[in-house]
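For the single chain, residues carry numbers from 1 onward in sequence order.
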Amino acid sequence: RLVPPAPDRAGKAESPGARRLFTARPYAAVSMEEVARAAGVRRGLVNHYFGGKRALFLAVVEDLLRGFDRAFPASGRPAGRPAGATGAAGAAGAAGAAGAAEAAAEVVADHVDRWLGVVEADADAWFAFVSAEGFGRDPDVERLVDRHRDATVERIVVLLDDAAAT
């Protein structure tokens, strides 16, 4: 299946077939013909949406990294968790610095768990992409990873600030 770019997705297209192929084999071993067959379309359509194999690979990496965006909402808070709500640690917030430290530790533990959950949910893809034949030292991939890492860190900082304020 090949999903064409949608206006609300900033022109991003996706191909689960390409993701499976890049996960199963090194980048150099995947052909655009195989991607087209996996998507049930002609190669020209894949090239039309992605512009070539390199752009397609970067779109697959970007989609993999979007898992972190879903795990770490823009507000930095897990769904259904209001600002300043940190469970037992939030209740201890009145205890001062000890409560703030406990709340911060809870935030960090929660985010580590969510980060590991994202990686575990797509373990095969992550292992394939971080292998010697995967990301390597590709400057475009590093730029994507840096952008998503920075956004995730900003979201965690918001939560830590909320925890310290309680």
Walk me through it: do Glu62 and Arg66 pass the test side chain to side chain contact (heavy atoms under 4.5 Å, CB included)?
CA-CA 6 Å; Glu62 177 82 25; Arg66 274 191 227 117; 3.3 Å; yes
Lys53 side chain near Leu58 side chain, heavy-atom distance below 4.5 Å
no
Given Arg114, which partner from the list Leu116, Asp110, Val112 fulfils the side chain to side chain contact (heavy atoms under 4.5 Å, CB included) test?
Asp110
Dump the intermediate steps for salt bridge (Lys or Arg N to Asp or Glu O under 4.0 Å) on Asp146 and Arg143, then the final yes or no.
CA-CA 5 Å; Asp146 287 348; Arg143 180 183 46 77; over 6 Å; no
Who pairs with Asp122 by salt bridge (Lys or Arg N to Asp or Glu O under 4.0 Å), at least two apart in sequence or on another chain?
Arg19
Could you please spell out the steps behind the side chain to side chain contact (heavy atoms under 4.5 Å, CB included) verdict for Val141 and Phe57?
CA-CA 9 Å; Val141 171; Phe57 178 73; 4.0 Å; yes
Quick check for you: to the nearest 0.5 Å, what is the distance between Asp63 atom CG and Leu144 atom CG?
11.5 Å
Residues pairing under side-chain hydrogen bond (donor to acceptor under 3.5 Å, both in side chains) where one sits in residues 29-38, two or more places apart or in two chains, turn out to be Arg25-Glu34, Ser31-Glu34
Answer whether the closest heavy-atom distance between the side chains of Trp126 and Glu120 falls below 4.5 Å.
no
Do any side-chain atoms of residues 41-48 form donor-acceptor pairs under 3.5 angstrom with protein atoms, and if so which ones, sequence neighbours left out?
none

Shortest non-hydrogen pair, Ala38 vs Gly17, comes out as CB-CA, 3.9 Å
Salt bridge or not for Glu142 and Arg149, using N-O below 4.0 Å?
no
I'd like to know whether Arg20 forms a salt bridge (Lys or Arg N to Asp or Glu O under 4.0 Å) with Asp124, so could you lay out the CA-CA distance, the side-chain angles of the two residues, the decisive distance to 0.1 Å, and finally the verdict.
CA-CA 9 Å; Arg20 281 190 304 278; Asp124 290 343; over 6 Å; no
Locate the shortest heavy-atom distance separating Gly67 from Val118; write the atom from each residue and the value.
O-CG2, 3.5 Å
Any residue meeting salt bridge (Lys or Arg N to Asp or Glu O under 4.0 Å) with Asp150, in chain and number order, not counting sequence neighbours:
none
Work out which heavy atom in Ala59 is nearest to a heavy atom in Phe50; give both atom names and the distance.
CB-CE2, 3.8 Å
Gap separating the OH atom of Tyr49 from the CG atom of Leu56, nearest 0.5 angstrom
13.5 Å
